[in-house]
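Working notes for the structure below.
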There are 2 protein chains.
Amino acid sequence: MAQPMYQQIAEDLRTKIASGILKRGAQLPTEVELRDQYEASRNTVRDAIKRLTSQGLIETKPGQGTFVSVKIDPFVTVLTADLTEVDKGEGATYLSKVNAEHREASMTVPKVEVQPAAAEIANRLRVPLGQPVVSRHQKRFIDEVPWSLQTSFYPFEFTKGAVRLLMAENIEPGVVHYLGETMGLAQIGWRDWITARSADNNEQAFFRISHDSTVFEIFRTAFDQHKKPMRVTVTVFPTDRNQFIVNVGDGIPDPRYEENPEEYDEKPGMTA
Amino acid sequence: MAQPMYQQIAEDLRTKIASGILKRGAQLPTEVELRDQYEASRNTVRDAIKRLTSQGLIETKPGQGTFVSVKIDPFVTVLTADLTEVDKGEGATYLSKVNAEHREASMTVPKVEVQPAAAEIANRLRVPLGQPVVSRHQKRFIDEVPWSLQTSFYPFEFTKGAVRLLMAENIEPGVVHYLGETMGLAQIGWRDWITARSADNNEQAFFRISHDSTVFEIFRTAFDQHKKPMRVTVTVFPTDRNQFIVNVGDGIPDPRYEENPEEYDEKPGMTA
DNA sequence: GGGTATTTGTCCGTATGTATT
DNA sequence: AAATACATACGGACAAATACC
């Protein structure tokens, strides 16, 4: 046996999906039917299904069946948005532009807490480990689809001058603007630190992704005019529906040029 | 039963790892021993192990046993490197700076092919679908560790003036410099398009990662002085050992400030 | 090199639970 | 309530990879 049977079955199913024999959203034969088709045991068929499931190609629904996954049109976020365009409210910490013309972003009211700084936050915010920091957490959606989970951290001492940081409400026209008014801080730029990891239980539930899905985790450290960190924002995006763009240099063309109708037909989503 | 037994076992093992009872690199009890410990069947124990394996927490080695994964110190790549610093040879398409002081990058001699442009390349390079393009493919290592797989694509018409594009050798002091000399093209900047997906068979073998691991796939489109694409570079990085940094604004401090000894002890790697 | 013990990988059949229709 | 379909769990058998003598 060159390859194990369950891998051969997985490959065969993958081919059937790629070739269009099994279309997106279509239901696969039941496990018992596949067992008969491939003359294998049901457990072996299930091993094949697990392989494809963990790659996001198919989904199983208890009591219903197994279906080819329908990919949604990805959200594309430009990380190098103009500095001048950034401060349009807390939700605009990231701008999602491409494909987003007819999309609507929304977010929950921030959940505000004071926590001791974990190592990842303390190092980036340059406060001592365990020092209290203000955390402001939000769930974010695009067109009702769970899009990202975002938590911003500020040094607790900011609350002396910037009291509203502790209030569970959106700060208009933006926290950066507010910190400028109250603390005299000006944001000169930021650094994004991009990582990927598997989703934890919270994230699996919120994004409705399987237990072995991965997420982007982006740490954005914003710096003030003294080149000191004034905010750390941690945002988690599921990899199955998010992509990012970084522009370097002046006059880089709009990314929409890269898109054409054929690609959309192949990677269908909310347009389909 | 609140949670299935295999998930309870997985949680218990995860706790033992997080708490340090099972140290990095340590061998877990064998499946038969775990079966006795948890009074479950061997298959149920194996389901628990699969969960942790798919999250990269443990690794199984046939004939040897199951071990807690040892994470390597991640390679950090700055995507917004200075434009002037970029053209230091083809391998420097990305600079890996942080933590890389005492690391040495190496790469294979490029494998050169002429291919019809796939949709993803054709759209970005703005050539008709199926048009011939030159592809130059390299495997890249840092300190002998498989780091990334990189393929650069150029319009085939470039080969009229820039013959060396077709030669399977590194072009010194860099392809951008060479295209400037031969074609009069100047690179004014680029756009990176960051995505993540599960690794294909090639990538699994090269990076020695499990079948359900994910990779970053970054499409870098470089633009010339006419704002037209002159090159598309596709680079694949395993997510378990790669992170990326994007700096926006002037005077963003060096990211090394974000690192302190404690974190290194917790995320051990080549320094340990 | 060969043989053996150990350990994980594959595959099977069966039974029962849970979610959905 | 009944039927359907996937999820969990068990026990057994043999294969394949590795380590050790």
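When reading the values below, keep in mind they use all heavy atoms of this one structure, side chains included, and skip hydrogens, waters and symmetry mates. So you know, we letter chains A, B, ... as the sequences are listed, proteins then strands, and number each from 1.
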[X] [atom1] - [N] [atom2] separation (whole Å):
| X | N | atom1 | atom2 | result |
| --- | --- | --- | --- | --- |
| A/Tyr38 | C/dC11 | OH | C1' | 17 Å |
| A/Met5 | C/dG9 | CE | P | 18 Å |
| B/Tyr6 | D/dA7 | OH | P | 9 Å |
| A/Ile49 | D/dA7 | CD1 | P | 8 Å |
| A/Arg46 | C/dG13 | CZ | C1' | 15 Å |
| A/Asp47 | C/dT8 | CG | P | 17 Å |
| B/Arg42 | D/dA9 | CZ | C1' | 15 Å |
| B/Gln64 | C/dA5 | CD | C1' | 15 Å |

- Query: Do any side-chain nitrogens or oxygens of B/Thr44 fall under 4.0 Å of OP1 or OP2 in D/dA9?
  - Reply: no
- Given C/dT10, is OP1 or OP2 found less than 4.0 Å from the side-chain N or O atoms of A/Gln7? yes
- Query: Stepwise, does the side-chain contact (heavy atoms from CB on, under 4.5 Å) test hold for B/Ile245 with A/Asp192?
  - Reply: CA-CA 6 Å; B/Ile245 283 183; A/Asp192 285 325; over 6 Å; no
With sequence neighbours excluded, tell me which residues meet side-chain contact (heavy atoms from CB on, under 4.5 Å) with [X].
| X | answer |
| --- | --- |
| B/Ser148 | B/Arg140, B/Thr235, B/Phe237 |
| B/Thr108 | B/Gln138, B/Lys139, B/Phe141 |
| A/Glu217 | A/Thr195, A/Arg197, A/Phe219, A/Val234, A/Val236 |

- Contacts of A/Pro62 and A/Val45 projected onto DNA chain C by closest heavy atom; the upstream (5') one is A/Val45
- Query: Could you give all pairs that pass the side-chain hydrogen bond (donor to acceptor under 3.5 Å, both in side chains) test and reach residues 41-50 of chain A, with sequence neighbours left out?
  - Reply: A/Glu31-A/Arg42, A/Glu31-A/Arg46, A/Ser41-A/Thr44
- Item | Intermediate values then yes/no, side-chain contact (heavy atoms from CB on, under 4.5 Å), A/Arg241 and A/Lys71 | CA-CA 8 Å; A/Arg241 68 197 70 164; A/Lys71 302 271 176 250; over 6 Å; no
- ring pair (Phe, Tyr, Trp, His ring centres under 6.0 Å) filter on A/Phe67, not counting sequence neighbours, yields none
- Note on the structure: By ring pair (Phe, Tyr, Trp, His ring centres under 6.0 Å), A/Phe216 pairs with (sequence neighbours left out) A/Phe244
Which residues, if any, of [range] bring a heavy atom under 4.0 Å of DNA chain D?
| range | value |
| --- | --- |
| residues 25-37 of chain A | A/Thr30, A/Glu31 |
| residues 51-61 of chain A | A/Thr60, A/Lys61 |
| residues 198-207 of chain A | none |

Residues that [X] engages under salt bridge (Lys or Arg N to Asp or Glu O under 4.0 Å), provided they are two or more places apart:
| X | value |
| --- | --- |
| A/Arg51 | none |
| A/Glu33 | none |
| B/Lys61 | none |

- Message: Consider side-chain contact (heavy atoms from CB on, under 4.5 Å). Of A/Glu120, A/Arg220, A/Arg124, which one does A/Val232 pass it with?
- Response: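 Considering A/Glu120, A/Arg220, A/Arg124, a side-chain contact (heavy atoms from CB on, under 4.5 Å) with A/Val232 is found only for A/Arg124.
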- Message: Closest approach to the side chain of B/Asn43, judged atom by atom: which nucleotide of D/dG11, C/dC12, D/dA9 is it?
- Response: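 Comparing D/dG11, C/dC12, D/dA9 against the side chain of B/Asn43, the answer is D/dG11.
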- Given C/dT8, C/dA19, D/dT8, the nucleotide with the shortest approach to the side chain of B/Thr66: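 Of the options given, the side chain of B/Thr66 lies nearest C/dT8.
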- Message: My understanding is that a pair needs two contacts under 3.5 Å, Watson-Crick or G-U wobble. By that rule, which nucleotide pairs with D/dA1?
- Response: none
